[in-house]
Amino acid sequence: MFSFRTCGFLLLATFFGLSVQAQQLPFAMDAPTTGATSYDASVPTPESVIGHVIGTRHTLPHQVEWYFRAVADQSDRVQFNVHAQSYEGRNLMHAVVTSPANHARLNEILAMQQRVADDPGSVSDEDLADMPVVLYQGYSVHGNESSGTEAAVLYLYHLAAGQGEWIEDALDNAVIIVDPVMNPDGRDRFADWVNRNRGRVATADGQDLEHNEPWPGGRTNHYWFDLNRDWMVAQHPESRGRLDVFHTWRPHILTDHHEMGGGATFFFQPGIPSRNNPNTPKRNNELTHMIAAFHAKGLDEVGSSYYSEESFDDFFLGKGSAFPDVNGSIGILFEQASSRALIGPTSSGDLHYAHTVMNQYVTSLTTLEAGVSLRNELLSYQRSFYADALDRAESSGKDVWLLDLTQGRTRAQMLTQLLQRHRVQFHELAEEVTIDGTTFAPGDAYVIPADQPQYRLIEAFTERTLVYEDSLFYDVSTWTLPLSHDVDFHVVERGGDRLIGDALAAPVELDGGSLTGGTDGVSYLIRWNRYFAPRAVSRLQDAGVTLRMATKPFTALVDGEEVGFDRGTIIVPIMPRLGPGESADPNVVHSVIQTAIAEDHVEVYSADTGLTPSGPDLGGSSTQVLRPVRVAVAAGLGVSTYAAGESWMVLSERMHKPVSVLSPSRLASADLSDYTVIVLPSGSYNDRAAENLLDWTRRGGTLVLMD
Ligand SMILES: [Zn+2]
C-alpha cells in the first residue's frame, strides 16, 4: 500500500504508486509520514502543547496527558479516557482512535467483540466483513525504556492530523487503542533524572550523571514492581486498569514497546521458536510471522537494522507480549536498543534518542499497516480461537473446577477476584459433593465451568507444568495461581454440571468476617486463618487494646458450646485494666472488632469465660502479650528493588502499617531500638550494618531475611 523511502535526510512517502514529499513531522529528525499527504492544522502539534520538539528532551507523563487531551478536544477521530490512577496519583490513559463513522458505532463494535468471544458460532463471515480490526498499542511499561512513549505522541499526532486516502482508509478499518505511558510513576522518575542532569549540549559520555540513574531506577512502578510481570497476577492499579481496557476491547493485536541494551539494534517478535507457550495456538505464530514482514519492510525502508527469532521468548503469560496469546489476540514485543540518555555511547557508535523514537514510531505504523492488511485473517483467527476453546473444553473431559474456600477464605476469594478480572465466570456450588476424600457443602467452594470462553486462560493459569520442550527461559517460566495463593483447586470430570449453581457477580465480595457469640463475653478470640488478620491486630493495638496470643491449642466456651482454637489465636480482653478513678468503656473494643470483621474479614468468637474446658486458660502463662510491631525495610543501593518493594507494598498497602524504609548505609549507624521487626531483602550490606543488626537481634529484634 505504501512504502518509506529515505533520500539523504529527506524521507518520501509513496502510496498507490504516487510519490509525494513528506510533510515534516514535529520531530528531532526526519521521520516517515506514512500514508499522510498533509496535516490538519487544527490539530495541535506536540511542540505547541508540550513545549519541546519530540526527541530533544524526555517527555514527562503529565506532558503526554496534556497532549492527548488537547488532541481529543480538537479531533473527531480521537476519544480520551483515563483507566486508572497510579500509586503516586498519575493518570493511566488511553486514546481510542478511529474514523468518525466508527466512533458513532463504538457500542456496536464492542458488542460484536463480546459476541465473538461468547458465541463464536453465531458470528458469520459477513458479520466480520463489517468489523474493524482492533489494535492495542502500549508503550514504555518499563519507565526507563522511554522512547516508546515519545513515539506514541508522534503516532497520535499522525493519526489525528494526517490527511490522505491511505490514512482515512486505515481509520475506517481499524480501532486503535493508544496507551502511551503504561508506567507513569517509573517514567517520571527516569525522565526527571535525565532532563535534570543534562547540560545545554548533551554528552555521550557513559560515565556522566545523566547516563547513570540512581537506585531504584525508572523501570518499575512506585513499589518497584516490574509491571511487565503483572499481566497475569494483576496486583497493581496500572495493570488492573489496563486489563479492563484489554478485556473490554479484545484487541486482535497488542504491541508492547520496550528498550534493550544499547549495543543491540531493534527486535520484533517472533522470538526463539522453541519457547512459545504450548497453550498458544499454532496459528498465532503464523500470524506473528506475517505481521513481522510489515515491520521488516518499514525498517528496511528507513535503513534501520533489526532482528527476530534469536532472543526473547513468548512463554510467561504474565508478560504483555504473551498474555494476549491466551486471549484470542496476538502479542508482539518490540525491543529498541536504548540510548538511555539523549545520546548513548554504544558499541556501534553514538545512539541518538531521536533515532530510537523513530524506530518505535515506524513500527507503530507498520503495526497499523499489518492490522489493516491482515484484517480478515486476524478477525477469523479470533473467532476460531474462541470456538476452539469451547471444543477443547468439551474434549478435555473436564466439566468443572472447584475452588476450595475452606482453607483460607480471603485468599481463595482474592484468587477468585483475580480470575474474574480475566473474565473467568464463577458460580455457587449447587449441591454437596465429595472429591479426593473431601466433602464440600454449598458455600464451601466456588464452581468454574470448563465450558466458557476463557477455558484456555484457566488451563494456562492453573496447570502444573513439569516438562518443557525447552527448559531455558528469558526469566520467569510460569505461575500456577492456585499454588501461589495456597488454595486447593479440584477438577470434576464427569457429572460436574449438576454442581453449577447461581452465577457469581464480579468481583465477589470478601466476606470471611464473622462473629460467633454475643457482645457480653469476657474476651474476643480471633482465629489466625485470614489473610488480613495482621491488619486486625494493628487496628486493635492502634486503639490502645492490649492483646495476647495463645501459644498452645485450647478450647473455649462460646455461648455455652465448647469450640476448639489453634495456637496463634488472638485473645482480645473486652474490659481494659483500670487505674484508680478510671472507668472502662467496652464499646471501644466492640466497635473496633466490628470494623475488623467488616474490613479485615476475620473470624471472631466471643468467649463466655476465661476458664477453658481444655488447654491453657485465657490469661495463662502460655498466652503472651503481643507487642505492637514497628517495622523497617532495608532498601537502597545494593538491595534488590523487587524484594524490597514487595515487602514495602504488602506491609503498607495491604496491612496498612507505617513502614520505615532504611538505606543499607543508614543501617550501619541507625538507632535500631525504634524497630521490633526489620526486613532485610536480598542485597549487599556492610560489616558495620551487620554488627548493628546482630546487636539488635540479641536485644530481641526480629530479623526477616529474604532470598
Ligand atoms: Zn522492557
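Whatever order the structure lists ligands and atoms in, that order sets their numbers, starting from 1.
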A.B. asks: Taking the six-membered ring where the residue is Trp, are the ring centres of Phe316 and Phe473 under 6.0 Å apart?
C.D. replies: no
A.B. asks: Please give me the protein atoms (N, O or S only) lying under 2.8 Å from the Zn ion (ligand 1), ordered by chain and number.
C.D. replies: His142 ND1, Glu145 OE1, Glu145 OE2, His258 ND1
A.B. asks: Answer yes or no: are there more than 12 heavy-atom neighbours, outside Leu637 itself, under 6.0 Å from its atom CG?
C.D. replies: no
A.B. asks: Using the rule given for ring pair (Phe, Tyr, Trp, His ring centres under 6.0 Å), can you reason through Phe190 versus His58, listing the C-alpha separation, both sets of side-chain angles and the distance that settles it, and then say yes or no?
C.D. replies: CA-CA 9 Å; Phe190 172 73; His58 288 70; 5.6 Å; yes
A.B. asks: For a quick check under 3.5 Å, do Glu469 and Ser274 share a side-chain donor-acceptor pair by atom type?
C.D. replies: no
A.B. asks: Enumerate the salt bridge (charged side-chain N to carboxylate O under 4.0 Å, His left out) contacts for residues 303-314, please, sequence neighbours excluded, ordered by first and then second residue.
C.D. replies: Asp313-Lys319
A.B. asks: Measure centre to centre between the rings of Tyr468 and Phe315, then say whether the value is under 6.0 Å.
C.D. replies: yes
